[in-house]
Amino acid sequence: MEFTLLIVIIVLALIFDYINGFHDAANAIATVVATKVLTPFQAVLWAAFFNFLAYWVFGFGVADTVAKTAHTMEINLVVILAGVIAAIIWNLLTWWQGIPSSSSHTLIGGFAGAAIAHAIAVHGFSGYMVDGTTQHWYNIVSWYKAGKDGGMPSGVLIIIAFIVLAPLLGALISYLISIWLLNASKKSILPKLFTLALMVLTIWFVESQMLYYDAIEKPRFDSHFWSVAFEAHNIKWFLVAFIVLSVSCFCLVFSSLNLHQATASLKKMQLLSSAAFSLGHGGNDSQKVMGIIAAAVAVYIHTSGVAQVSLPDWLQVILPNDDLKIKGVMPAWIPLACYSAIAAGTLSGGWKIVKTMGSKITKVTSFEGVAAETAGALTLYFTEHLKIPVSTTHTITGSIIGVGLTKRISAVRWGVTVSLVWAWVLTIPISAILASLVYYFLSLFL
């Protein structure tokens, strides 16, 4: 029975990943479609390809954060099943209504809500003992954990904080990129000097983040050069450098281009910026499903009493534990299946949400598209580096708003934006309540 439940959870998690793909396809392709750089079909093919390509770029930091949303030693497989079912229901409802809500927060809200429902069902509202300390029903969720050696803290409260911080960060970066591009279009030496200084600063910063051969735990090649070049950590920083330096090169020649040449160049750059955002979307969102599968395997081992070594090779998942210095293990089929599912979902498109993202928030041209997608991509790379699961939906929406603000405040359709914010705020609590109801229903039969 337990093993069957585990297989059902894995299948449903991949179905959720597929739904996530077509639900969030609009995030990466809305501006490219709105500006007619690509047809809708070409755009989803483009986004799906880079969704899948993220498999070779990103690690599993976000997956680890999601897996530890609830304490896996205190829940059962019904909790995870309820969380995934609730997330699928909410995603389909918001997709049907054309609301660009967060698939990430849906999944985390569902997982946390089902875990709390389980704690109340088992222990009630009174305290209970775990490892010699008194716990309460709300302690089953990992709300906050301080960062190691002064690093970034983790937990559900940090994820909730980034409901606000991710779109704000996207809006700020897109606003600054827009101002940079606007000034670069003027025939003045100061913007060019600024751009050159930024290029030097970017090269220095990215070089300081590189992992060289001696620091790489498992080099992929005997060659020092190829091992450094294809290390996943380094590829991400190479991409950051490539994005910033590409925009910088355009800024250096922007003032010498006529309107037709500038528009043509911006449309080509939109292909780059949307590809970068699709990479970030694939890396961020696929990892959440990996985290759910990893948590399900950990719970299965705990509740069934099966020893880790007796599991088949394809289920040899181990959650990392920094305190015990345990390295995480993830069989190759899990990330491959997750990235394939989200890419297939993106291919299916999500045209209702494309309309909201591409035209209802603010009028989007190639100029705005480049600024918004570049800002969104940089925000996703930054948060993935910090192992924070953020909403790609919130990030790109904030970035589009930031671009609109460079024209004038009234250029942003605030009525639409307020409706989106309400959807963002309500996603986690509604998903949590829905998951708790699903948990109580499933508990009658399982």
Side-chain angles (χ1 to χ4, degrees), residues 1-20 65-94 101 103-131 133-143 155-156 159-160 288-306 308 311 315 317 319 426-446:
M1 178 65 180
E2 292 282 331
F3 188 73
T4 305
L5 261 184
L6 176 62
I7 300 302
V8 169
I9 288 168
I10 291 171
V11 171
L12 283 178
L14 292 173
I15 290 171
F16 170 83
D17 208 18
Y18 170 81
I19 294 168
N20 187 354
T65 302
V66 173
K68 293 173 180 173
T69 298
H71 300 299
T72 51
M73 294 300 102
E74 297 176 43
I75 61 175
N76 58 25
L77 289 175
V78 180
V79 168
I80 300 178
L81 181 61
V84 174
I85 289 172
I88 288 172
I89 292 169
W90 182 246
N91 250 9
L92 288 174
L93 280 173
T94 51
S101 69
S103 300
S104 315
H105 294 146
T106 304
L107 192 60
I108 288 158
F111 192 6
I116 289 171
H118 172 74
I120 293 171
V122 174
H123 303 289
F125 293 99
S126 57
Y128 58 96
M129 299 300 290
V130 177
D131 296 331
T133 59
T134 303
Q135 302 289 334
H136 294 85
W137 56 272
Y138 48 81
N139 294 127
I140 200 166
V141 173
S142 177
W143 296 106
V156 173
I159 295 167
I160 290 171
K288 290 148 193 171
V289 177
M290 288 182 226
I292 289 294
I293 294 173
V297 173
V299 171
Y300 171 73
I301 292 168
H302 174 66
T303 55
S304 66
V306 175
Q308 178 85 42
L311 285 175
L315 276 179
V317 179
L319 292 176
L426 293 173
T427 291
I428 287 182
I430 288 179
S431 300
I433 292 166
L434 189 58
S436 63
L437 294 174
V438 172
Y439 170 80
Y440 288 128
F441 176 76
L442 290 175
S443 297
L444 296 174
F445 307 98
L446 300 173

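Shortest non-hydrogen contact noted between L6 and V297 is CD1-N, 3.9 Å. Of all heavy-atom pairs spanning F111 and A67, the tightest one is CE2-O, 4.0 Å. Residues S142 and K68 share a closest heavy-atom pair of CB-O, 3.2 Å. Taking all atoms of both residues into account, the shortest heavy-atom contact from W137 to A119 is O-CB, 3.6 Å. Nearest heavy-atom pair across G110 and A435 is O-CB, 3.1 Å. Taking every heavy atom of both residues into account, T72 and V299 meet most closely at O-CG2, 3.6 Å.
Here the side chains of V156 and I428 are not in contact, with every heavy-atom distance at 4.5 Å or above. Considering only heavy atoms from C-beta on, I116 stays 4.5 Å or farther from S436 through its side chain. By the 4.5 Å heavy-atom criterion applied to side chains, Y439 and I120 are not counted as neighbours. Annotation: side chain of L5 is not in contact with side chain of N76 (no heavy-atom distance under 4.5 Å). Annotation: side chain of V289 is not in contact with side chain of Y18 (no heavy-atom distance under 4.5 Å). No side-chain heavy atom of T106 sits under 4.5 Å from any side-chain heavy atom of T94.
Between the OH atom of Y300 and the CG atom of L315 there is a distance of 8.0 Å, given to the nearest 0.5 Å. The OG1 atom of T4 sits 9.5 Å away from atom CD of E2, with the distance rounded to the nearest 0.5 Å. For the atom pair OG1 of T65 and CD1 of I108, the computed distance is 8.5 Å after rounding to the nearest 0.5 Å. For the atom pair CG (L107) and OG (S431), the distance works out to 9.0 Å, reported to the nearest 0.5 Å. Atom OG1 of T303 sits about 5.0 Å away from atom CG of L77, to the nearest 0.5 Å.
Annotation: F441, atom CZ; neighbour count of heavy atoms from other residues, nucleotides and ligands within 6.0 Å does not exceed 12.
Side chain of N91 to backbone of I88: no donor-acceptor contact under 3.5 angstrom is found. A donor-acceptor contact shorter than 3.5 Å is absent between the side chain of H302 and the backbone of I75.
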